[in-house]
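We count ligands from 1, going down the list as the structure has it; atoms in each ligand are counted the same way.
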Amino acid sequence: MTISHDTSGHAASPAPNPLPVDAARAIIRRAIEPVEMVERVALRAALDRVLAADVVSPIDVPAHDNAAMDGYAFDGAVLAQGLANGRAPLTLVVAGEARAGHPFERGCRAGECIRIMTGAPMPAGCDTVVPQEFVARTGQNVAFDAEQIARGANCRRAGEDLARGRAALAAGRIVRAADLGLLASLGVAEVAVRRRLRVAFFSTGDELRSVGETLDTGCVYDSNRYTLYSMLTRLNVEVLDLGVVRDKPDAIEAALRSAAASADVVLTSGGVSVGDADFTARMTATFGDVAFWQLAMRPGRPLAFGRLWPAGRGASERSALFFGLPGNPVAVMVTFYQIVREALVAMSGAITAGPLQFAAASSAPIKKRPGRTEFLRGVATRDAAGKWTVTLTRSQGSGVLSSMSEANCFIVLEHDQADVVAGAPVDVIPFEGLM
Ligand code: AMP
Ligand code: MG
């Protein structure tokens, strides 16, 4: 893989044409190879894992025709007679009872019906259930209006949910709550999933102090390792926190090499701005193929992307994908969600539709220059009539992490979009489900 593109600007010489977000995503997509190793895990351990193969249903679900309501099962052919009788109610004799787990063993004969409870197997000879609310019962007789019920009503068919021999879940699916239940409904006790992606990360900066240390003058606490830890953990990848690395060539090189030796993906934050890139580029020249991008996006303009070979550039052995994220805390989160996340999901072997996005009315005008994608922080609310409106958070500074806490969505202003007038629709990506 060669990480290059026409507009690749070296950060030290500001790029005249910053790379559009979609172009960056396309380059990254081409570099992706999903993890191959497969392991078998017990059903519960499959939650949030990626299916390595289709799960073919070994049974019909439901396994047999069964009642969808409490009522009386009968042969729906008699409905035609009932209708022919005009207004006269149809009368049947209750011949027995079927409950969930307790089928009625013999078939149902002409003129008979069977008292049946939801989930009970349909007795032989029955295809319709009349709900109990529709009947008048006198002793062993039930009478009801044939017009109120259609043949086949209130009967769930065998295999209606999942047919035996068909793929119930496809390879590449991330197993969520419904899927876990679905697998259980098939009697599946073990699932083949891809091994979890290993992602190593560290922060760079002489000014960074870790939680628990004293904050010296001019220093800041390292928050990026905590947002990265959280975002990665939510993606259910294996996380390797390599701590803080000082802005020293030897230290950064050693950290990058050791990260690449033990992980599939290496993420760093900081040290990719103009000036820093030269410095890091020198580090990666011997063991990486790294492009320093000026992205046409805000926040998150500087980004490094490429591949690292711990044993030397282009070595055939293992390599790791590398994302050098900006240092500013909001830019880290935005680049993670807008650029890195999709890559990690694909490397995990997952096939997804991506995050939900919908339109909301902007509560105020928003200034926007065409030629870059902006990811603003917004608070979306729904009024009583169901209409969504979105308002910008108080600050949009790329260092103001409280704006991410305050927000509940990204507002996406596309590359070519210009100023937004108040009330105009804008795209929002909700944090719920994403974070
Ligand atoms: P840099 O890209 O390294 O120049 O960093 C840009 C800004 O982000 C600076 O103000 C840094 O202090 C800040 N920053 C960098 N890394 C971190 C971090 N891990 N946690 C909090 N702030 C950071
Ligand atoms: Mg720095």
Heavy-atom contacts with S223 under 4.0 Å: which atoms of ligand 1 show up? List them by number with element.
20 (N), 21 (C)

Side chains of R29 and E342 in contact at under 4.5 Å (non-hydrogen atoms)
yes

Out of curiosity, is G271 lining ligand 1, as in a heavy atom under 4.0 Å away?
yes

Ring-plane angle category for F74 and F144, please: parallel below 30°, perpendicular beyond 60°, tilted otherwise.
tilted

In the structure I gave you, are the side-chain heavy atoms of R176 and I174 within less than 4.5 Å of one another anywhere?
yes

Below 4.0 angstrom from a heavy atom of S203, which ligand 1 atoms are there? Numbered from 1 as shown, please.
19 (N)

Ligand 1 versus V244, non-hydrogen atoms closer than 4.0 Å: side chain, backbone, both, neither?
neither

What class does the angle between the rings of F305 and F323 fall in, given that below 30° is parallel, 30 to 60° is tilted and above 60° is perpendicular?
tilted

Under 4.0 Å from a heavy atom of D222: give me the atoms of ligand 1 that qualify, with their elements.
18 (C), 19 (N), 20 (N)

Heavy-atom contacts with Y221 under 4.0 Å: which atoms of ligand 1 show up? List them by number with element.
20 (N), 21 (C)

Between P329 and ligand 1, find which residue part has any heavy-atom pair under 4.0 Å and reply side chain, backbone, both or neither.
side chain

Just let me know how E207 lines up against ligand 1, side chain, backbone, both or neither, with a heavy-atom cut-off below 4.0 Å.
side chain

Geometric cation-pi criterion, R257 with F287: 6.0 Å, 45°
yes

In terms of side-chain heavy atoms, does T391 have a donor or acceptor partner in S363 at a distance below 3.5 Å?
yes

